[in-house]
Amino acid sequence: LAKKFEQENDVDKLKYDKDFCAITCGNKAEKVIYYTNPVAQDFFKLGLTAHTKEEAEKIRRRLLVEKELRDWAKKCKDPVDIGNIDQEKYYAQYETDCCKISTDGLYTYVVANVIFTDEIVLKQAIESIGQERLIRDYFGIDN
C-alpha cells in the first residue's frame with residue numbers, strides 16, 4: 001500500500017494546469033482549488049494533490065473526518081502515551097468480515113492515526129460521525 005500511495009502521489013506525474021488540491025483554513029477542510037491558485041502551489045510541493053476534482057474532494061472529506069475523530073479523542077480523560085505499553089489504546093477499525101466499523105474487530109483494516117484512551121468516547125465518535133462516512137471517507141472504501 002505504501003508503494004502504491006507513493007506512486008499515486010508522484011509529483012512528477014502531475015499536470016499542474018489540470019490538477020487540484022484540498023486546502024484547510026482554521027482547522028477546517030475548506031475547499032478544492034486548481035494549481036493555478038498561488039496558495040495551491042505550496043500544497044503541490046507537499047503532495048496534497050489530486051488529478052481530478054473528485055479525488056481532491058475525497059481528500060477534503062477524509063481531512064474532515066480525521067478532524068472530527070481528533071476532536072473526539074481530546075475528550076478522553078487521559079492523553080495518549082505511546083511509550084506506555086500498559087495504557088489501553090483504541091482506534092476505529094474496519095471489520096473486513098462484516099463490513100462495519102468497530103473498536104475491537106478480529107478481521108480488520110486499521111488506519112490508527114487517531115488513537116483514543118477511552119473506548120466509550122471512541123464508540124461515541126463512531127456513532128456521531130457515522131459508519132458510512134468512516135468507511136467511505138476515513139478508510140477510503142467504496143461499498
Side-chain angles (χ1 to χ4, degrees), residues 1-11 13-14 16 18-143:
L1 286 175
K3 184 68 173 169
K4 181 180 178 202
F5 182 76
E6 182 181 303
Q7 290 170 347
E8 289 175 352
N9 290 293
D10 186 350
V11 175
K13 294 180 183 175
L14 293 173
Y16 293 120
K18 296 181 182 176
D19 288 329
F20 300 84
C21 72
I23 63 167
T24 61
C25 181
N27 292 327
K28 182 179 177 188
E30 283 267 318
K31 55 187 158 181
V32 172
I33 58 177
Y34 282 108
Y35 172 79
T36 54
N37 184 315
V39 173
Q41 294 173 14
D42 287 333
F43 287 97
F44 273 71
K45 293 173 189 171
L46 296 172
L48 299 175
T49 59
H51 293 295
T52 67
K53 190 169 184 175
E54 291 76 21
E55 289 173 0
E57 181 62 28
K58 283 183 181 181
I59 293 169
R60 187 187 71 81
R61 288 194 318 256
R62 178 180 48 94
L63 293 171
L64 285 171
V65 170
E66 285 183 14
K67 168 76 169 82
E68 289 177 61
L69 281 171
R70 289 185 207 297
D71 288 346
W72 275 98
K74 291 176 187 173
K75 296 179 181 186
C76 294
K77 292 178 187 171
D78 299 318
V80 175
D81 181 356
I82 296 298
N84 182 352
I85 61 171
D86 295 323
Q87 182 185 46
E88 293 289 333
K89 297 172 184 74
Y90 306 92
Y91 38 85
Q93 304 172 37
Y94 177 71
E95 292 189 38
T96 57
D97 58 336
C98 60
C99 303
K100 71 174 191 171
I101 303 296
S102 75
T103 60
D104 58 359
L106 181 58
Y107 301 100
T108 62
Y109 171 60
V110 177
V111 175
N113 65 340
V114 182
I115 302 172
F116 290 70
T117 57
D118 185 330
E119 187 176 22
I120 292 171
V121 174
L122 173 55
K123 287 181 177 181
Q124 291 171 340
I126 292 169
E127 179 70 27
S128 173
I129 296 168
Q131 295 270 331
E132 183 179 316
R133 284 184 65 216
L134 284 165
I135 291 169
R136 181 192 66 215
D137 300 332
Y138 186 61
F139 289 96
I141 299 169
D142 295 319
N143 288 338

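One-based numbering along the sequence shown.
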| query | Tell me, do Tyr138 and Asn113 make a side-chain contact under 4.5 Å, heavy atoms counted? | reply | yes
| Which residues share a ring-ring contact (aromatic ring centres under 6.0 Å, His included) with Tyr90, sequence neighbours left out | none
| Phe116 CZ to Lys89 NZ distance, which is reported to the nearest 0.5 Å | 14.5 Å
Side-chain donor-acceptor pairs of residues 79-86 under 3.5 Å, sequence neighbours excluded:
unit_1 : atom_1 : unit_2 : atom_2 : d
Asp81  : OD1    : Gly83  : N      : 3.2
Asn84  : OD1    : Asp86  : N      : 2.9
Asn84  : OD1    : Gln87  : N      : 3.2

| field | Euclidean distance, Leu69 CG relative to Leu64 CG, rounded to 0.5 Å | value | 11.5 Å
| message | Please check this pair: side chain of Thr103 against backbone of Glu119, looking for a donor-acceptor N/O pair closer than 3.5 Å. | response | no
| note | To the nearest 0.5 Å, atom OH of Tyr94 lies from atom OG of Ser102 at 11.0 Å
| message | What I want to find out is whether Glu55 reaches Lys58 closely enough, with some N-O distance under 4.0 Å, to be called a salt bridge. | response | no
Review item, side-chain donor-acceptor pairs of residues 120-136, under 3.5 Å, at least two apart:
unit_1 : atom_1 : unit_2 : atom_2 : d
Gln131 : OE1    : Ile101 : N      : 2.6
Gln131 : NE2    : Ile101 : O      : 3.1
Arg133 : NH1    : Glu68  : OE1    : 3.3
Arg133 : NH1    : Glu68  : OE2    : 3.1
Arg133 : NH2    : Glu68  : OE2    : 2.6

| task | Looking only at non-hydrogen atoms, find the nearest pair between Ala92 and Val110 and report the distance. | result | O-CG1, 4.5 Å
| said: Could you work out, with side-chain hydrogen bond (donor to acceptor under 3.5 Å, both in side chains) as the rule, every residue matching Asp71, not counting sequence neighbours? | reply: Lys67
